[in-house]
There are 2 protein chains.
Amino acid sequence: MSLVLPSSGRRVPCEQCPLRAMPSFRAFESQELRFVSSFKTGELVAETGTTLLAEGNNSVHLYTLLSGWAFRYKTLPDGRRQILNYMLPGDLVGLQGSIIGEMQHSVEALSPLVLCVFQRNRLTELFSNHPGLAFDITWLAAQEERMLDDHLLSLGRRNAVERAAYLIAFLYQRAASVGLSGANALYLPITQMHVADTLGLSIVHTNKTLRKLADRKLIRWLDRSCEVLDVEGLMQAAEWEGPLERKRPLI
Amino acid sequence: MSLVLPSSGRRVPCEQCPLRAMPSFRAFESQELRFVSSFKTGELVAETGTTLLAEGNNSVHLYTLLSGWAFRYKTLPDGRRQILNYMLPGDLVGLQGSIIGEMQHSVEALSPLVLCVFQRNRLTELFSNHPGLAFDITWLAAQEERMLDDHLLSLGRRNAVERAAYLIAFLYQRAASVGLSGANALYLPITQMHVADTLGLSIVHTNKTLRKLADRKLIRWLDRSCEVLDVEGLMQAAEWEGPLERKRPLI
DNA sequence: CGGCGGTTTGATCGGAGTCAACCATGGTGG
DNA sequence: CCACCATGGTTGACTCCGATCAAACCGCCG
């Protein structure tokens, strides 16, 4: 369940990182790339269900997700869980902990993962010698903040159907931007439990809500995953304009 | 209503900033302080109700709030509003816009404000020459992210009473940390409309919810403001452990 | 074969929204 | 001076969205 396999050493050199080649990532200077390459100490493979980082924990690593899906969440003392955001390839994992010092949320794998492992103590060096990368990290933090803003708007002011539509459209867009959409269908590796805990709804009501979206031919729910049929329709149902796309950095 | 008075020039030199003297802010190197001082171009005074920054706007300034209260919000196309967070003295205003390039939320003054105005185009210089300050900015962004996480947990998984209790306790703690609590009472300059738009509730239900907190002697609601009587009680009602206090930077 | 996680559906309950008054305050202009 | 109105707060009646309870189904795996 929460077993983390030991690092199996470097497999993907940063210079030939398949992610970096994608159009949504900005080009790096060779010296930046060299630093990132040296910053990376290895790779970590984790299986579905693994808890990568736990709330309250202090000895935190800093990772970049290379492949797979994960999610961030917090819980109340009595066990109620709220999913805060999802993590896709290219996302930094554990940044908050690295910056503030203590992990305030947990991270769990939704699929088998491969992560690049970084040396947290060299973060100061990064800030000192690579202002461009430092800015990138701040950029990523600001981007995460923006996503949380949107999610907050959703929880506070959208009803169940709108929320579900927003969430699925949002995940679709994010997945598409890292090349995870074959044709125009996309399978999200999540259960209705995850949807419920993201939207702040009960599982039962989530099921009925997703049914409505399915009846409107916007999605199809498969076992343990969700197929997106009509993103435009979802965005319209959520009154959502869509993300603003920028070239993003990849640490 | 949305009038912004022109900058009335420098009044408070950074070296003698009254905020900086407070125990919750970390000490700065003299060269850092010198840069911040040169980074600041002047001060801006805004009256209650002023919209400082508007969603979608691109020509964004970067400020630090010197005194007063403000809040960040987003709206759906049909007008529903969600307040995302509040801003107190020492908070950066407009960082997201400076980093990403376009403002994704609006900012409005809850009281008369004084802001330090910074030159956004010198942000690159800050990152290049003052890694410590660059780290501070990232720290502040991570901190904001943490607050949003908490707020998200609240909207998703707490009921009305718990949400209200959490919000008021949260604002109390933040205000206290910048010296805004005389004795143990504190007046929050917000209307029930603000509370409603923060908690994702209707005004009517917000009123009834605050009434419950008042009946339990946790708060007292005055006209256009809220007096906190029992923070511990509020935190308990919200199942909230309280913030983790760290020395914070002041740009 | 049984059990379990994930999904589905129906019945009922309750928390929060909506509608509709009403009051207190304070600022406005005749 | 007062009539007028806008803003913010308060309260009650009724409605409805989403929670809770309950039961069953399905595919999978030990």
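Naming: A, B, ... by sequence-line order, numbering from 1 per chain.
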S.K.: According to the interplanar angle, ranging from 0 to 90°, do the rings of B/F71 and B/Y73 count as parallel (below 30°), tilted (30 to 60°) or perpendicular (above 60°)?
M.R.: tilted
S.K.: Among residues two or more places apart or on two chains, list those pairs meeting side chain to side chain donor-acceptor pair (under 3.5 Å) that have a residue in residues 230-245 of chain B.
M.R.: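 Qualifying pairs, neighbours excluded: A/R80-B/E239.
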S.K.: Can you check each nucleotide of nucleotides 7-23 of chain C against protein heavy atoms at under 4.0 Å and return B for base, S for sugar-phosphate only, - for none, in 5' to 3' order?
M.R.: SBBBB----BSBB----
S.K.: Check this for me, if you would: do A/D91 and A/R174 make a salt bridge, where the nitrogen-to-carboxylate-oxygen distance has to be below 4.0 angstrom?
M.R.: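 Salt bridge between A/D91 and A/R174, a charged N being under 4.0 Å from a carboxylate O: yes.
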S.K.: CG of B/L113 to OH of B/Y63: how many Å apart, nearest 0.5 Å?
M.R.: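 If I round to the nearest 0.5 Å, the distance is 10.5 Å.
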S.K.: For B/A175, check side-chain contact (heavy atoms from CB on, under 4.5 Å) against everything at least two apart and list the hits.
M.R.: B/W69, B/L88, B/L180, B/L186
